[in-house]
Amino acid sequence: MVRTPLTPWERERGERLGALLRRARGERSMVDVAAAGLSAETLRKIETGRAPTPAFFTVAALAGALGLSLDEVATLAAPPGTATESAVA
């Protein structure tokens, strides 16, 4: 199976998601947050943008562990000027 390359928008969204998760995690360790049902390595990849398109259930589990709503995650991770950002504002 050949995976299609990510678009610049997808890469930027992944970077913004990673930054959002790092800020929300604060002083907690990756291991503490990853106890939500994924490995610390997976969380590390998401936070650094190496896994810019995590599965919905992964994002949902992380949002729950960090006390974020999925609306917040969608809004704050969307690059500026996108439909998601405009629809929620």
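Computed over heavy atoms, backbone and side chain alike; hydrogens, waters and symmetry mates excluded.
A34 and A40 make their closest contact through CB-N, 3.6 Å (heavy atoms, listed as atom of the first residue, atom of the second, distance).
Residues passing the side-chain contact (heavy atoms from CB on, under 4.5 Å) test with A35, sequence neighbours excluded: none. Listed by chain and residue number, L6, T7, R13 satisfy the side-chain contact (heavy atoms from CB on, under 4.5 Å) test with E10 (two or more places apart in sequence, or in another chain). Among residues two or more places apart in sequence or in another chain, the side-chain contact (heavy atoms from CB on, under 4.5 Å) test is passed with T58 by L38, I46, P54, A55, L62.
L17 and F57 end up in the same hydrophobic cluster when Ile, Leu, Val, Met, Phe, Trp and Tyr side chains are linked at under 4.5 Å. Clustering ILVMFWY residues whenever any of their side-chain heavy atoms sit less than 4.5 angstrom apart, transitively, puts L70 in the very cluster that holds V33.
Between R16 and L76 there is no side-chain heavy-atom pair separated by less than 4.5 Å. R11 is not listed as a side-chain neighbour of P5, based on a closest heavy-atom distance of 4.5 Å or more. Proximity of E72 to L20: side-chain heavy atoms (C-beta onward) are nowhere separated by under 4.5 Å.
With values rounded to the nearest 0.5 angstrom, T53 atom OG1 is found 4.0 Å from R3 atom CZ.
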